[in-house]
Amino acid sequence: MTDSKVRHLVEEAFKAKERAYAPYSNFRVGAALLAEDGSVYTGCNVENASYGATCCAERVAIFSAVADGKRSFKAIAVVSDHEGFTFPCGICRQVMLEFDIPTVIVADSSGAYREYALKDLIPNGFKKSAVREGE
Ligand code: THU
């Protein structure tokens with residue numbers, strides 16, 4: 001991805017972070033997902049008094065895109081209030097694997113970013129092809 005495309009996605013993630021509902025952790029996260037057709041879906045973390053009901057920013061973005069009919073994606077950017085890089089949790093990595101999101105971008109509070117291949121963040125992941133082998 002070009003530097004300007006990455007920066008645009010990171011900017012969208014920062015905007016989404018502002019909408020986070022995180023009264024329990026006070027840790028706001030924003031995500032921006034680039035679909036194959038160029039559209040961008042954003043997400044923020046949405047917490048709950050029953051902590052386990054919390055949904056991470058990345059999954060909010062992915063589920064919103066899927067609910068809008070998108071299934072093919074190019075990249076997802078993740079930012080947070082933390083000054084360093086924030087890496088997606090294991091559950092979100094698994095959801096990214098389901099939809100073959102090839103590239104994960106993490107940006108710090110200064111806007112500096114790193115790009116990772118999803119396969120390096122979740123090596124030997126459990127894929128839908130394994131479940132569907134019998135079909
Ligand atoms: N969180 C995310 O939204 N994405 C991540 O990648 C890591 C964690 C959220 C969940 C919870 O609302 C808060 O950050 C603290 O764990």
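In listed order, ligands and their atoms are each counted from 1.
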Would you say the side chains of D68 and Y41 form a donor-acceptor pair under 3.5 Å?
-> yes
Residue contacts for ligand 1, heavy atom to ligand atom, distance under 4.0 Å | S25, F27, V29, N45, E47, T54, C56, A57, E58, F87, P88, C89
Between H82 and F27, how do the two ring planes meet: parallel, tilted or perpendicular, split at 30° and 60°?
-> tilted
Residue from D81, T86, T42 passing side chain to side chain donor-acceptor pair (under 3.5 Å) with K17 | D81
Does the side chain of K74 pick up a donor-acceptor pair with the side chain of T103 at under 3.5 Å?
-> no
Using the ring of each side chain (for Trp, its six-membered ring), is Y24 parallel, tilted or perpendicular to Y51, with breaks at 30° and 60°?
-> tilted
Considering residues at least two apart in sequence or located in another chain, which fulfil the side chain to side chain donor-acceptor pair (under 3.5 Å) criterion with D3?
-> R7, Y113
